[in-house]
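Accompanying notes for the structure given below.
Quick note: residue numbers are just sequence positions, from 1. Note that the structure is predicted; figures quoted are calculated from it, not measured.
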Amino acid sequence: MNLNVNSVDSLVTEIQGLSGSPQDVSHLNNLLKQSEDVIRSQAATFAPCLTRLDPAVHSLGYLYVLEACTASPVPEAQANELILPVVRFIDVCSAEQIRLVPDKFIAVCKRLHELVMTLNAPMRAVGPLLTAIRKIQPSPEHLTPLHPDFLQVCLSAKCYKIGYSILEDDIYKVDQPRDFFLYCYYGGMICIGQKRFAKALELFHNVVTAPMSSMNAIAVEAYKKYILVSLIHLRQFSSTFPKYTSSVAQRNLKNFSQPYIELANSYSTGNISELQAFVQENQEKFENGNNLGLVKQVVSSMYKRNIQRLTQTYLTLSLQDIANTAQLNSPKEAEMHVLEMIEDGEIYATINQKDGMVRFLEDPEQYKTCEMIEHIDSSIQRIMKLSKKLTTMDESMSCDPLYLSKVGRERQRFDFDDFDNVPQKFNL
């Protein structure tokens, strides 16, 4: 049976008649696939269908027509008119129906991303794209192709808090490597906007150490930001890559990030004048990489680094001595930095306003409050869940015929003892 697409009326009738039971919807999907080329080539003819279909009830048929209407370039003057039906569809559509053709739903959502950026109105796509992700996701553990788009519009709209909400999900399943690279890169930038530098480091680290067969621009930019955030948050940077980093990354990343490596080397000396001179000398390079703001935070963090080191040597110290040692201009400036560090929990100290003396204290946390116990328990539960996931993944790989055949080929090149025992039920 072929779908009747001779007219708008006939198409609407077919879609309305086959949007009831799951069996009917599945059958409709097969028929729409057969007529896909006709609908796409005559998108303007079938566009009026959208006003006669209910996007909540006839989601599948509505999506086929909507995707066809948004596939071709749209003039900027008409972009606003197209955004409204797309946003409404995303909001009310049936998740069960759109999951039958996820590629079309993703294409429509990406088109929305393009349209709002064209109009310089990224805020309009923040809510709809978050809704779209939740509808297309089989579970919160899945990374979808819409995650990077959502994070990018959050960055453009400066909606860091909403963007961060999706970064709290633990991702275990990734379909496309590029989606993962962009998700971690944009996610890291969202975390910088939220001053959550530890999470930003984790995300940039994931990009830098992810498997890659060739160098890509995302990894290079992530590595530059990884260096800067390491200096801001940890007050130090190690140029040594973890063992699991790809050989491609280990060979090439430093070559593409030389000014940032040199910045880290200058930072390690603790000399603020030398660091400022280096930044001034290379300001254009940092500006071109859109990293000058982070670089300035690196310079500011050196004062805190120098103050933090004093806590390892002294119990009490005057604000004047702190200013001299940390290369600050005045005791007042030293007091400002000390107060800021106390507020952020970076050091524990008290300031005597009468004599201008700072007394450094031990960490007052006794690790026995209800909040701390809940935090530790939550961390343990998360680690146990991760351990179970890794065990399941390891068992799955150890029984994968493709993996076993590759291991079998590798065994011919190395000693047998270099490998674990392979299940005997598979023939290599």
Margin query: When you measure from the centre of the six-membered ring of F204, is the NZ or CZ of K225 closer than 6.0 Å and no more than 45° off the axis?
Written below: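 Judged by the rule, K225 and F204 form no cation-pi pair.
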
Notebook entry, point to check: Quick one: is the NZ or CZ of R196 closer than 6.0 Å to the six-membered ring centre of Y164, and within 45° of its axis?
Noted result: yes

So does [Y] get a backbone contact from the side chain of [X], meaning a donor-acceptor N/O pair under 3.5 Å?
X: N29; Y: V25; value: no
X: S398; Y: E395; value: yes
X: S387; Y: I383; value: no
X: S41; Y: V38; value: yes
X: E67; Y: V108; value: no
X: K135; Y: I90; value: yes
X: Q276; Y: N271; value: no
X: N291; Y: G289; value: yes
X: R305; Y: S268; value: yes
X: S19; Y: I15; value: yes

How about [X] and [Y]: does a side-chain donor come under 3.5 Å of a side-chain acceptor?
X: R134; Y: Q137; value: yes
X: Y267; Y: S301; value: yes
X: Y183; Y: N206; value: no
X: H375; Y: S378; value: no

Could you tell me the separation between the [atom1] atom of [X] and the [atom2] atom of [Y], rounded to the nearest 0.5 Å?
X: T369; Y: E374; atom1: OG1; atom2: CD; result: 8.5 Å
X: Y367; Y: M372; atom1: OH; atom2: CE; result: 5.5 Å
X: Y64; Y: L11; atom1: OH; atom2: CG; result: 12.0 Å
X: S300; Y: H337; atom1: OG; atom2: NE2; result: 4.5 Å
X: L390; Y: D394; atom1: CG; atom2: CG; result: 8.5 Å
X: I106; Y: I136; atom1: CD1; atom2: CD1; result: 5.0 Å

Can you establish whether the number of heavy atoms outside [X] located under 6.0 Å from its atom [atom1] is more than 12?
X: Q176; atom1: CD; value: no
X: E284; atom1: CD; value: no
X: M123; atom1: CE; value: no
X: L315; atom1: CG; value: no

Next item on the list: Starting from the C-alpha separation in whole Å, work towards a yes-or-no answer on side chain to side chain contact (heavy atoms under 4.5 Å, CB included) for K304 and D344.
Entry: CA-CA 11 Å; K304 294 182 178 180; D344 293 341; 4.1 Å; yes

Checklist line | Sub-6.0 Å ring centroid separation between Y260 and F286 | finding: yes

Check: Which atom pair, heavy atoms only, marks the closest approach of A326 to I307?
Finding: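 The answer is CB-CG1, 3.9 Å.
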
Check: Between I192 and A200, what is the shortest heavy-atom contact and its length?
Finding: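 Shortest heavy-atom separation between I192 and A200 comes out as CG1-CB, 4.1 Å.
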
Next item on the list: Evaluate the criterion ring pair (Phe, Tyr, Trp, His ring centres under 6.0 Å) for residue pair Y185 and F180; output intermediate values, then yes/no.
Entry: CA-CA 8 Å; Y185 179 69; F180 177 74; over 10 Å; no

Note to self: Taking the side chain as everything from C-beta on, heavy atoms only, tell me whether R124 gets closer than 4.5 Å to I83.
What the structure shows: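 In short, these two side chains touch, coming nearer than 4.5 Å.
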
Checklist line | Any side-chain heavy-atom pair of L201 and S230 under 4.5 Å | finding: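 Heavy-atom side-chain distance check passes, below 4.5 Å.
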
Note to self: Between D9 and R52, does any side-chain N to carboxylate O distance fall below 4.0 Å?
What the structure shows: yes

Margin query: Regarding K33 and E36, does a basic nitrogen lie under 4.0 Å from an acidic carboxylate oxygen?
Written below: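 No, this pair does not count.
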
Check: What's the verdict on side chain to side chain donor-acceptor pair (under 3.5 Å) for K195 and Q297, showing C-alpha distance, side-chain angles and the deciding distance?
Finding: CA-CA 11 Å; K195 301 293 182 183; Q297 290 186 57; 3.3 Å; yes

Next item on the list: Go through the steps for Y62 and F89 under the test ring pair (Phe, Tyr, Trp, His ring centres under 6.0 Å), then give the verdict.
Entry: CA-CA 8 Å; Y62 195 101; F89 173 73; 5.2 Å; yes

Next item on the list: Could you please spell out the steps behind the salt bridge (charged side-chain N to carboxylate O under 4.0 Å, His left out) verdict for K110 and D103?
Entry: CA-CA 10 Å; K110 286 185 174 289; D103 291 345; over 6 Å; no

Notebook entry, point to check: Please walk me through it: do L263 and I227 pass side chain to side chain contact (heavy atoms under 4.5 Å, CB included)?
Noted result: CA-CA 9 Å; L263 177 74; I227 295 172; 5.7 Å; no

Note to self: Go through it in stages, so that I can follow the logic: the residues are K254 and Y223, the test is side chain to side chain contact (heavy atoms under 4.5 Å, CB included), and I'd like the CA-CA distance, side-chain angles, deciding distance and then a yes or no.
What the structure shows: CA-CA 9 Å; K254 292 180 182 178; Y223 186 60; 3.9 Å; yes

Item checked: Steps toward side chain to side chain contact (heavy atoms under 4.5 Å, CB included) verdict (C93, F105) -> CA-CA 10 Å; C93 69; F105 184 70; 4.0 Å; yes

Checklist line | Results of side-chain hydrogen bond (donor to acceptor under 3.5 Å, both in side chains) for D54 - residues two or more places apart only | finding: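 None.
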
Next item on the list: Could you check whether the rings of H205 and Y244 sit parallel, tilted or perpendicular, using 30° and 60° as the cut-offs?
Entry: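 Perpendicular: the ring planes of H205 and Y244 meet at over 60°.
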
